[in-house]
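Single-structure report; data block below.
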Amino acid sequence: MQQILTAHPPFNFDSTVRSHGWYQLAPIQYDAEQKVLYKPEQLDNGKVILLEVREHSEGIIAASPTQLTPAEHAEVVQKLRWMFLLDIDLSDFYALADHEPRLAHCRSKAYGRLLRSMTLFEDVVRVMMTTNIQWSGTKRLVGKLVEHFGTPLSQAATATTVDRAFPTPSAIAACYEVTQRGLGLGYRAPYLLKLARGIANNEINLEVFRDAQMATDPLRKELLKLPGIGPYAAATLLGILGRYDYIGVDSEAVSSVSRYFYGGQAVGEKEVYAIFGKWGKYKALAYWFWDFSGMQRSPIEQYDAKKSDS
DNA sequence: TTCCAGGGGTAGA
DNA sequence: TCTACCCATGGA
């Protein structure tokens with residue numbers, strides 16, 4: 001299988017892949033030098049294929065060593081368009097960013113797309129594994145989940161060392177909590193189990209989160225109902241879903257805002273929103289792609305001046 | 001040893 | 001809605 005998929009311009013493959021940490025988590029493997037992303041993916045019919053995705057002048061080019069049926073091919077195309085946000089139009093964001101020196105780089109670098117997983121379950125679990133843990137721990141936990149519960153490739157591949165797809169809800173739902181405890185998931189174990197079992201027995205339907213017609217706030221409320229998903233995780237997932245009204249305020253966000261806008265004094269969510277709130281429906285993108293480099297450590301006075309301008 | 005991480009759930013106000 | 005407290009695990 002080989003397929004070119006066009007993207008709504010501007011598009012940059014490497015910017016999209018590295019837009020946030022997902023490309024470092026199993027079962028994704030990214031060859032930064034060759035700019036090839038490898039992703040084992042389990043199709044709806046259970047078959048696990050390896051996808052190799054590269055940059056293309058018009059978007060991306062995807063290949064798989066496996067022969068696909070027309071239905072499988074269609075599924076892969078749809079999942080790739082979702083994963084790389086090929087259809088998103090960020091021109092409104094760029095129009096705003098052009099006038100902010102610390103965001104003006106976004107248009108030329110095609111910043112703004114936040115890489116997604118192909119299934120919502122994978123994204124929810126990944127975000128869950130970022131809570132109250134260091135990034136190295138997130139990588140470890142997601143790696144263990146894939147290793148332990150992921151389905152192996154249907155056809156052996158040599159291009160990558162990752163040979164399993166991300167686990168399905170039912171694969172996780174079928175295990176005991178103590179099994180997960182053994183993986184070092186800590187207090188996240190019961191949340192993950194509850195999520196997986198909820199999906200497996202149709203009590204939880206993640207597909208509603210793809211509904212573009214649904215307003216952001218009701219969507220956020222639904223996300224907050226998921227086990228193990230609180231304000232930070234919901235905001236992060238909203239960003240992945242293409243809604244940027246909320247900022248995933250984690251220790252890093254607090255630290256950056258404290259350092260660069262409040263002279264190092266202790267701040268919270270309120271202060272993060274005080275700084276980035278003016279970006280309206282693009283708050284999360286403004287924060288995430290903000291160029292903090294070279295910023296003076298204590299421009300709290302500059303911020304106050306800026307605030308009185310607006 | 002202590003603190004804390006890309007926080008969430010719960011109880012009580 | 002806000003706060004205090006507890007939650008497991010591993011890294012620094």
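Quantities reported herein were computed from a predicted structural model and do not represent experimental measurements. Throughout, protein chains are lettered first and strands after them, A, B, ... in sequence-line order, and every chain is numbered starting at 1.
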* Round to the nearest Å and state the distance from A/Met129 atom CE to C/dA8 atom P. => 15 Å
* **A/Arg140 side chain, from C-beta outward: closest of C/dA8, C/dG10, B/dG8** => C/dG10
* Asked: Between A/Leu114 (CG) and B/dG6 (C1'), how many Å, whole number?
  -> 14 Å
* **Options B/dG8, B/dG6, C/dG11, nucleotide nearest the side-chain atoms of A/Trp288** => B/dG6
* To do: Decide, yes or no, whether a salt bridge links A/Lys225 with A/Glu222 under the criterion of side-chain N to carboxylate O below 4.0 Å.
  => yes
* Structure fact -> Closest heavy-atom pair, A/Arg243 versus A/Leu219, reported as atoms and distance to 0.1 Å, is NE-CD2, 3.0 Å
* To do: Among B/dG6, C/dG11, B/dG7, find the nucleotide with the atom closest to the side chain of A/Glu252.
  => B/dG6
* To do: Take the protein atom CG of A/Leu195 and the nucleotide atom P of B/dG9, then report the distance between them rounded to whole Å.
  => 12 Å
* Would you kindly give the OH-to-P distance between A/Tyr246 and B/dG7, to the nearest whole Å? => 19 Å
* Round to a whole Å and report the spacing from CZ of A/Arg188 to C1' of B/dG8. => 10 Å
* Asked: Does the ring of A/Trp135 lie flat against the base of B/dG6, closer than 5.5 Å centre to centre with planes under 30°?
  -> yes
* Salt-bridged, A/Lys39 to A/Glu122, with N to O below 4.0 Å? -> yes
* Calculate the interatomic distance between A/Leu223 atom CG and B/dG7 atom P; express it in whole Å. => 17 Å
* Asked: If you find the nucleotide of DNA chain C closest to A/Tyr191 and the one closest to A/Gln134, which residue's nucleotide is nearer the 5' end?
  -> A/Tyr191
* Asked: Got a donor-acceptor pair under 3.5 Å from the side chain of A/Asp250 to the base of B/dA5?
  -> no
* Asked: Base, sugar-phosphate, or nothing: which does A/Ile247 touch, judged by heavy atoms less than 4.0 Å apart?
  -> nothing
* Do A/Tyr187 and B/dG7 share a donor-acceptor pair, side chain to base, under 3.5 Å? -> yes
* To do: Just call it for A/Gly184: base, sugar-phosphate, or nothing, with non-hydrogen atoms closer than 4.0 Å on any strand.
  => sugar-phosphate
* Any idea which of C/dA8, C/dG10, B/dG8 is nearest the A/Asn132 side chain? -> C/dA8
* Mapping A/Ile229 and A/Thr236 to their closest nucleotides on DNA chain B, which lands nearer the 5' end? -> A/Thr236
* Asked: What distance, rounded to whole Å, do you find between the two P atoms, one in B/dG6 and one in C/dC6?
  -> 23 Å
* To do: Provide, to the nearest angstrom, the distance between the CD atom belonging to A/Glu269 and the P atom belonging to B/dG7.
  => 12 Å
* How are the rings of A/Tyr282 and A/Phe93 set relative to one another: parallel (under 30°), tilted (30 to 60°) or perpendicular (over 60°)? -> tilted
* Structure fact -> Taken to the nearest whole Å, CG/A/Leu224 to P/C/dT1 is 11 Å
* Asked: Should the pair A/Tyr287 and A/Phe292 be assigned to parallel (<30°), tilted (30 to 60°) or perpendicular (>60°) ring geometry?
  -> perpendicular
* Can you say whether the rings of A/Trp22 and A/Trp135 are parallel (under 30°), tilted (30 to 60°) or perpendicular (over 60°)? -> parallel
* Just call it for A/Ala233: base, sugar-phosphate, or nothing, with non-hydrogen atoms closer than 4.0 Å on any strand. => sugar-phosphate
